[in-house]
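Notes to accompany the following structure.
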Amino acid sequence: MDEKMYAYKCTVCGQLHHPKHFVCKKCGNRSFEEVPLEGEVTLLTYTKVYNLPEGYMKPYLYFGIVKFENGLTVSGQLEVDNPVIGMKLISTVGVVKEGTNNDCYGFIFKDIK
Ligand SMILES: [Zn+2]
């Protein structure tokens with residue numbers, strides 16, 4: 001897979017940011033290095049969403065907030081039949097909105113097989 005999501009790590013203090021900030025929220029530094037966000041995550045919370053915007057091909061979706069091993073929390077789509085808070089998931093990146101001309105990449109969290 002070519003698409004990846006990144007965290008932006010402050011080169012001075014190491015604070016991780018996602019999405020990208022132009023100024024470190026901790027120390028004010030303006031340079032960052034990209035750190036790929038991938039691997040195992042822990043599900044912190046989730047919601048079931050109906051009435052999706054046009055472009056989604058499903059009646060409902062789960063959206064969750066997860067925590068990476070580096071401590072960063074992000075939100076994304078869950079491809080899990082029965083989400084349980086605290087479960088381990090694997091982070092992937094994929095097309096989360098199947099629009100006519102603006103496919104959108106985002107996090108998709110899946111069961112660890
Ligand atoms: Zn900083």
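Every number for a ligand or one of its atoms is a count from 1 in the order of the listing.
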For residues 45-53, dump all side-chain donor-acceptor pairs below 3.5 Å to protein atoms at least two apart in sequence or in another chain.
from: Tyr46; atom 1: OH; to: Pro83; atom 2: O; distance (Å): 3.3
from: Lys48; atom 1: NZ; to: Tyr50; atom 2: OH; distance (Å): 3.4

Tell me, which protein N/O/S atoms are under 2.8 Å away from the Zn ion (ligand 1)?
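Result, waters dropped: Cys10 SG, Cys13 SG, Cys24 SG, Cys27 SG.
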
Heavy-atom donor-acceptor pair, Ser91 side chain to Phe109 backbone, under 3.5 Å
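Flag not set: sc Ser91 to bb Phe109 has no pair under 3.5 Å.
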
Straight-line distance of Thr92 OG1 to Lys110 NZ, nearest 0.5 Å:
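One finds 4.0 Å between OG1 of Thr92 and NZ of Lys110.
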
If you take all heavy atoms of Gly86 and Thr42, which pair is closest and at what distance?
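Shortest heavy-atom separation between Gly86 and Thr42 comes out as O-CG2, 3.7 Å.
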
What do you reckon, are the aromatic ring centroids of His18 and Phe107 less than 6.0 Å apart?
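Yes.
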
Ring centres under 6.0 angstrom apart (Phe32, His17):
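Between Phe32 and His17, the centre distance is under 6.0 Å.
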
